[in-house]
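Keep in mind that the numbers below use all heavy atoms, side chains included, and drop hydrogens, waters and symmetry copies.
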Amino acid sequence: MSNLKPHIPPLTDAEEAEIQRQIAADPDDVEATDEELAQAKPFSEAFPELFESIKRARGRPAMDKPKQVVSIRLDQDVIHKFKATGKGRQAKINEVLKNAKLG
């Protein structure tokens, strides 16, 4: 599977002109005046409680023992066996390695 984004051709001048015409014709889309823009506040100042709640809610909670990203080379048949078990294969590999008798 490819991670490439689909190619979207740029707008033609006619398409851009039509979009701009529709924007200008929309009565609910008025542009802010220079005076209004001069009075505008940053979101964090205008809505401090909401800003704090959004800021706190980002990301995963901190873990006592976060997992570490590593890169290892494994035989293809090993990878295929774990992939065949379905979702959670990384956790399964982690469990197998934890339970391995080393040394």
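Residue Ile93 is found in a hydrophobic cluster whose other members, listed by chain and number, are Val78, Phe82, Val96, Leu97; membership requires side-chain heavy atoms under 4.5 Å apart, directly or through intermediates. Residue Ile19 belongs to a hydrophobic cluster whose other members are Leu11, Ile23, with links defined by side-chain heavy atoms closer than 4.5 Å.
Between atom NZ of residue Lys83 and atom NZ of residue Lys81 there is a gap of 15.0 Å, rounded to the nearest 0.5 Å. Taking CG from Asp29 and CD from Gln22, the interatomic distance works out to 11.5 Å, rounded to the nearest 0.5 Å. Distance NZ/Lys87 to NZ/Lys92: 11.5 Å, rounded to 0.5 Å.
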Carefully, step by step, assess Lys67 and Asn94 under the rule side chain to side chain contact (heavy atoms under 4.5 Å, CB included). CA-CA 10 Å; Lys67 293 192 176 183; Asn94 188 60; 3.9 Å; yes

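Under 3.5 Å, the side chains of Gln39 and Glu35 contain no donor-acceptor pair of N or O atoms.
Side chain of Asp75 to main chain of Asp77: no donor-acceptor pair is present (N/O by atom type, distance under 3.5 Å, no hydrogens or angles). The closest donor-acceptor contact from the side chain of Glu18 to the backbone of Glu15 lies at 3.5 Å or more, if one exists at all. Of the possible donor and acceptor atoms, one in the side chain of Glu36 sits under 3.5 Å from a partner among the backbone N and O of Thr33.
Grouping the Ile, Leu, Val, Met, Phe, Trp and Tyr side chains by contacts below 4.5 angstrom, directly or via other members, places Ile79 with Ile72.
Atom CG of Asp13 is surrounded by 12 or fewer heavy atoms from other residues, nucleotides or ligands within 6.0 Å. Atom CD of Gln20 has more than 12 heavy atoms from other residues, nucleotides or ligands within 6.0 Å.
Residues Phe47 and Ile54 fail the side-chain proximity criterion, which asks for heavy atoms closer than 4.5 Å.
Listed by chain and number, the residues in a salt bridge (Lys or Arg N to Asp or Glu O under 4.0 Å) with Glu95 are Lys98 (sequence neighbours excluded).
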